[in-house]
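Read through the structure below, which is laid out as C-alpha cells, and then see the notes.
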Amino acid sequence: MIDNKDLEAEIHPLKNEDRKSQENLGNRLKNEDNLKSTPPQTRLSRCRTVAFFLSLFTCLFVVFVVSFIIPCPDRPESQRMWRIDYNAAGFSSPCAFVAAVSGANGSVLWERPVAQDVALVDCAVPRLSDGKSSACVLVGRPSSLTAVDLLTGETLWSQPSSFDGNASVLSPLLQVPDVDGDGAPDLLILTREATQVSGYIYSGSTGRQIGHRGSLGMDGDSGLLLHVTRTGAHYILLPCASSLCSCSVKGLYERVTGRESPFKRDPLWESMLNTSATRQLLHSSGAVRYLMSVPGKSGQDLLLVSSEACVLLDGQELTPRWTLGEVQVMRKPILGHYKPDTLAVVIENGTGTDRQILLLDLGSGAVLWSQALPSFPGGPPSASLPTADHRSAFLFWGLHELASTNEMEPRVTQHSLYMFHPTLPSVLLELVNISAHIIAFDALLFEPSRHAAYVLLTGPASPNVPGLVSVTKHKVRDLVPGSRVIRLGDGGPDSDQAIRDRFSRLRYRS
C-alpha cells in the first residue's frame, strides 16, 4: 500500500519540491538561531583547536627543516686506536714545540714552537675572554709568559715575566679569584731562589703583572696547593722539608700591590701561623711528598703524604681524621669509588718487588682491598675511570716477565697494565704489555658515558738523548677480549670468558 505522502509526491512533484524547499529553509533558520544561541565558550574551543593544529604543524615543519635540510656539522670519526710518532725527538732539546692532537683520531689540531726553555706548562686554565674554552699557559726562561687557545693554538696574550734568571718555577700554576677587577680569575706563580719563595700575580685576561714581586718569607718545594678554609679565606700551602708551610693570599696581595686586599684572613689559621717564625702550620713525621685537596664532610679536607705516613687532615682545624703509618708512598695517590658513591683513595705502598696496592675508605682510612703488585721504580701512575654503577674501574701498572723458550736466554721484562673493578675483587685483567720506556700515562673519557681510553707517551729513557717519541691511544673496551685473566686466590666459579664479558659490559660515566 502506497503512503498518502508518497502518492501525493508522485501526483504533484513540483509541489513536493516546494515543500522540501520550505522544510530546508526552516531547518536553516533553526540552525542560524542555534548558532546565534551557541555560547562563546564553544567558539573559543574551536579557536583553540585551530591554534593547536597550527602549532603542531609549525613544530613538525621546524623538525623537518632541522633534520633534512640544514646540514649537521661534521664530527671527526672516532678511531679505536691511533698512534703518532716523532722521530729523533728529545725532552730537553733547546728547540721545543707544543702540539695538540684530536682524541678522536689523533689528527694534529695545531702545532707551534715555544720558548727555548719551558719551565712550566698548564693547559687547564679557562680562557678568560669568553669563559667557553680553555687555554694553555706557558712559562719560559728567560722572561716569557704566554697564553694560547687550547683549540686553535692562537696566541691570546704574551708578556715578559720578571723572574730572576736563577729562580726555579714551582708547580703547579695557581688560579686565584679576580684581584684586578676585570671579572676574570688571575694567575699566581711561585718561584724559588736559594732558600726564599717569591710570588708573582698576573692578570688572567691580559697577562700583565699586578704589582711587583712579593716574598712569602719561607722556603718550599713544588707540589703547592691553594686551599680555601671554611670561613672563605684563601691560603697557599706548600711542602717545606718535614713541615707544611702556608701564606695567606690576602697578605701576599697586599705586599705586591701596597693596597688593601679584598680577600679574607682566617683567625684560626693566622693564630697558628703567628706562633711560627717560618710560617709553618704543622710538623710532619717525615718529608712531605704530596698534598691533595679532597672532599670532606663540611668542605675540603687535606690528604698529606709524607715519607713515613699518610694522614687525612680536617680542612679547618688541621687535626688528623685518620693516619696510615709505616708506609712508603712514592707516587701521588688517586681517588675513585670502591663502594657506590663512596670515595676511596689508592695508595701505592713501596716500590719495586715490594710494592702493594691499597684501596682505603677516604672517610675512615679502613683498608677496602689490597694486592701485591711489583713494579719498576718510578713507573707509570695509576688511574681510575668512573663506571655507571657509581663505582670506579682502576688501572694499575706492574711487572710482567715473559719466560723465554730457551732457558739460556735472559727473560724480557715488560710493563703490564692491569684492570680492576670492585664487583670482582678476586680478579685482575692484564690488558696490555709494553716494553718501551713510558714517560706519561692517563685514562679518561673522550666521549662522556661511552668512550673510555688510555693515552700513553713513550720515549727515550734518557731525556738528553734524542729518539723515537710516540703518543698512543687505545680504547679500553677493545683490549678486554684479548686480555689475560689473573685470579687472586679464589677467583670464583666463572670462566675466564665470562669474566671478560663482564668487563666488556662495563659502562662509564662522566
Side-chain angles (χ1 to χ4, degrees), residues 223 225 227 289-306 308-315 319-351 354-373 375 379-398 417-429 431 441-445 448-449 452 454 476 486 488-489 491-492 499 502-503 506-510:
L225 183 70
H227 181 70
R289 287 180 173 161
Y290 304 105
L291 187 64
M292 295 174 57
S293 180
V294 298
K297 296 180 180 179
S298 56
Q300 295 292 309
D301 287 338
L302 294 170
L303 184 66
L304 187 147
V305 179
S306 71
E308 299 179 4
C310 180
V311 184
L312 181 68
L313 300 171
D314 179 272
T319 54
R321 293 190 183 275
W322 53 260
T323 301
L324 180 68
E326 298 182 357
V327 294
Q328 292 183 342
V329 182
M330 306 302 295
R331 187 171 290 116
K332 187 174 182 178
I334 63 168
L335 299 179
H337 293 86
Y338 186 87
K339 300 177 182 177
D341 295 325
T342 302
L343 270 176
V345 57
V346 178
I347 303 293
E348 298 183 37
N349 184 23
T351 59
D354 298 327
R355 188 184 70 155
Q356 188 178 34
I357 304 292
L358 301 175
L359 266 70
L360 309 179
D361 184 285
L362 185 61
S364 65
V367 177
L368 301 172
W369 182 83
S370 64
Q371 176 61 38
L373 193 63
S375 72
S382 302
S384 65
L385 290 167
T387 52
D389 60 356
H390 298 273
R391 294 181 173 90
S392 296
F394 297 91
L395 299 173
F396 310 114
W397 287 94
L417 179 61
Y418 298 95
M419 186 176 184
F420 169 77
H421 194 264
T423 56
L424 294 169
S426 57
V427 170
L428 282 177
L429 280 192
L431 295 178
F441 162 80
D442 200 3
L444 62 161
L445 297 182
S449 303
Y454 78 78
V476 172
I486 300 175
L488 312 174
I499 292 173
R502 289 184 63 177
F503 276 92
L506 285 178
R507 295 296 178 266
Y508 303 91
R509 61 186 176 93
S510 302

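Quick note: numbers below take in every heavy atom, side chains included, and nothing from hydrogens, waters or symmetry partners.
Contact record, V311 with P320: CG1-CB, 3.9 Å, taken as the closest heavy-atom pair. Smallest separation of non-hydrogen atoms from S384 and S392: CB-CB, 4.4 Å. Closest approach of V327 and A309 over heavy atoms only: CG2-CA, 3.8 Å. Of all heavy-atom pairs between A344 and L368, the closest is CB-CD1, 4.1 Å. Here the shortest heavy-atom pairing between Y338 and P422 reads O-CB, 3.3 Å. The nearest pair of heavy atoms linking A393 to M419 is CB-CE, 3.9 Å.
Rounded to the nearest 0.5 angstrom, D389 CG and R507 CZ are separated by 12.0 Å. Remark: L385 CG to L444 CG distance equals 7.5 Å, nearest 0.5 Å.
Considering L428, L395, L488, I486 as possible partners of F420, the one that fulfils the side-chain contact (heavy atoms from CB on, under 4.5 Å) test is L428. When each of I347, N349, V346 is checked for a side-chain contact (heavy atoms from CB on, under 4.5 Å) with I357, only V346 meets the rule.
Counting non-hydrogen atoms of other residues, nucleotides and ligands closer than 6.0 Å to CD of Q328 gives a total of 12 or fewer.
Residues S293 and L225 meet the side-chain proximity criterion, which asks for heavy atoms closer than 4.5 Å. Side-chain contact between L358 and L324 is present, with at least one heavy-atom pair separated by less than 4.5 Å. Looking at L303 and V345, their side chains come closer than 4.5 Å, going by heavy atoms from C-beta outward. Annotation: side chain of K332 is not in contact with side chain of P381 (no heavy-atom distance under 4.5 Å). Inter-residue side-chain proximity for T423 and R502 is flagged as met; some heavy-atom pair is nearer than 4.5 Å. The shortest side-chain heavy-atom distance between L431 and Y454 does not fall under the 4.5 Å cut-off. The side-chain heavy atoms of H337 and L343, taken from C-beta on, include a pair separated by under 4.5 Å.
Judged by distance alone, the side chain of W322 and the main-chain N or O of L362 form a donor-acceptor pair under 3.5 Å. Remark: side-chain polar atoms of R331 are paired, donor with acceptor, to backbone N or O of G379 under 3.5 angstrom. Of the possible donor and acceptor atoms, none in the side chain of R509 sits under 3.5 Å from a partner among the backbone N and O of A388. Using a distance-only test at 3.5 Å, with no hydrogens or angles considered, no donor-acceptor pair links the side chain of R289 to the main chain of S306.
Note: H421 and F503 have perpendicular aromatic rings, judged against thresholds of 30 and 60 degrees for the angle between ring planes.
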